[in-house]
Number of protein chains: 2
Amino acid sequence: MSEEIETEQQILEAAKQIFQERGFAGARMQEIADEADINKSMLHYYFRSKDKLFQKVFQDSIRQFFPEILKVLHADLALTPKIEKLVETYYEMFRKHPHLPRFVIHEMNQHPDRFKEFVKNMGFEIPETFVKQIRQEIESDSMLNIDPREFIINTIGLCVFPLIARPMIETVFKMNNEQYQQFLEQRKKELPKFILNAVKK
Amino acid sequence: MSEEIETEQQILEAAKQIFQERGFAGARMQEIADEADINKSMLHYYFRSKDKLFQKVFQDSIRQFFPEILKVLHADLALTPKIEKLVETYYEMFRKHPHLPRFVIHEMNQHPDRFKEFVKNMGFEIPETFVKQIRQEIESDSMLNIDPREFIINTIGLCVFPLIARPMIETVFKMNNEQYQQFLEQRKKELPKFILNAVKK
DNA sequence: ATACAATTCAACTATTTAGTTGAACTTATT
DNA sequence: AATAAGTTCAACTAAATAGTTGAATTGTAT
């Protein structure tokens, strides 16, 4: 009985690993069972079906990064340290879960309606405080007149893209694994400057 | 006999459609056959296996956008019109092939080594002329000192991200299909300014 | 200790999907 | 017209994969 939670957790960890790496269609229940070091029938005992297990993993995955990002956007910080914090948060998350961004992007596009319903129900929204902060910067003439939505999308996009495009980057710039990691380190420093300069008057 | 090329093309079109939408693992040979309006055995007659058909589609997909982007980078244009052209090229491509960027990102991450080998063999490389152009802008003090690689990645990332993150954007910013399209139109105008301002001294 | 419920697993079935085959048909060549 | 090569399809087999079952085991409460 004390095993119950532990086993369930073990399955979820394994499923997260495999689903995030291969996507729903590419994942095999057997592979998840192997990763969790249990029998395949346990997966069904705990989660009924591949689809139900996937739903849990997908929703957990979103809960894993979305609130953290929103928290940073909402934080009581000036724009410059806030962007720095945001970039740092993204790169830290990638270090822990390298497949997470691509996984979410792929799967939300496979079932956009299901995804939208979920995000709505969870109440994930861009904090109004951040939008106000942007508007204030613009009004006080310290920032170019940019649509706050554009600004958010640009920032997130600049964080995410080099992570999901890794094989492309490694190839065209002839980097090995170490050089790529080094490139990311350099980028972590340069990116906030790039973003802030882009909206500087 | 005159049908040969037509049928093969028909299959490739259908396969491109389905593979780009669902990915390799999510695609069904039957679905491709239905889309091409032919019998399933024809797929094997023309392409032997799902894997071989996929390889062809994947490589064609890359050939479809990579050279075009590189051509723009290599074009004899000043930086500002070149970035404008690049953004335009990306959005035009997305209009024609809405699943292409996400497809390539997903699949190149599933088989990075195979992908790298392919890109190497095709000889896709960032044109040296573009790197020189950036260096010259920096030396002549009209641009901040940015690693040309960063600059390229940022530009491509800013183009691609809003396309692959569509369901997310529609949800958090409460857009319907029309509003999203409108947002992209606005963005096509604003993005080059954002990029160029980001590297302006 | 006994009974009961929860847990585990090997072996199984059901379903989905890729791939094959052979006969019928079409087209080009002589 | 006869022949051969290429093309098409319905029906099939083979393989992969999700899901089930029932017996054995473990843990817990009385």
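Reminder, nothing fancy here: chain letters follow the sequence lines and each chain counts from 1.
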Whole-Å distance, A/F24 CZ to C/dT16 P, equals 13 Å
In whole angstrom, give the distance that lies between atom CG of B/N39 and atom P of C/dA24.
16 Å
B/D51 has an atom CG; how far is it from atom P of C/dA18, in whole Å?
12 Å
Hey, does B/F194 have a side-chain heavy atom less than 4.5 Å from the side chain of A/L144?
no
How long is the line joining CG of A/D34 and P of D/dA18, in whole Å?
12 Å
Distance below 4.0 Å between B/R28 side-chain N/O and C/dT16 OP1 or OP2:
no
Quick test of your reading of the model: are A/K188 and A/E185 salt-bridged, counting only N-O distances below 4.0 Å?
yes
Can you tell which of D/dT7, C/dT21, D/dT21 lies closest to the side chain of B/M42?
D/dT7
Closest-nucleotide ordering on DNA chain C, the 5'-leading residue of A/K40 and A/Y45
A/Y45
Can you tell me the distance, in whole Å, between the NE2 atom of B/H44 and the P atom of C/dG19?
4 Å
From the options D/dA10, D/dT8, D/dG19, select the nucleotide whose nearest atom is closest to the side chain of A/K50.
D/dG19
Nearest-Å distance for atom pair CZ/P, residues B/R22 and C/dT16:
16 Å
For the rings on B/F103 and B/F58, is their centre-to-centre separation under 6.0 Å?
yes
Please work out if B/A33 contacts a base, only the sugar-phosphate, or nothing of the nucleic acid, heavy-atom cut-off 4.0 Å.
nothing
N/O donor-acceptor pair, side chain A/S41 with base C/dA10, under 3.5 angstrom:
yes
In whole angstroms, how far is the C1' atom of D/dT20 from the CZ atom of A/F47?
18 Å
Counting any heavy atom closer than 4.0 Å, what does B/A27 reach on the DNA or RNA strands: base, sugar-phosphate only, or nothing?
sugar-phosphate
How about A/F47 and A/F54: are their ring centroids closer than 6.0 Å?
no
Length of the line joining B/Y46:OH and C/dA18:P, which is rounded to integer Å
20 Å
Please tell me which of the listed nucleotides, D/dG19, D/dC9, C/dT7, lies nearest to the side chain of A/M29?
D/dG19
Are any of the side-chain nitrogens in A/E190 or A/K193 under 4.0 Å away from the carboxylate oxygens of its partner?
yes
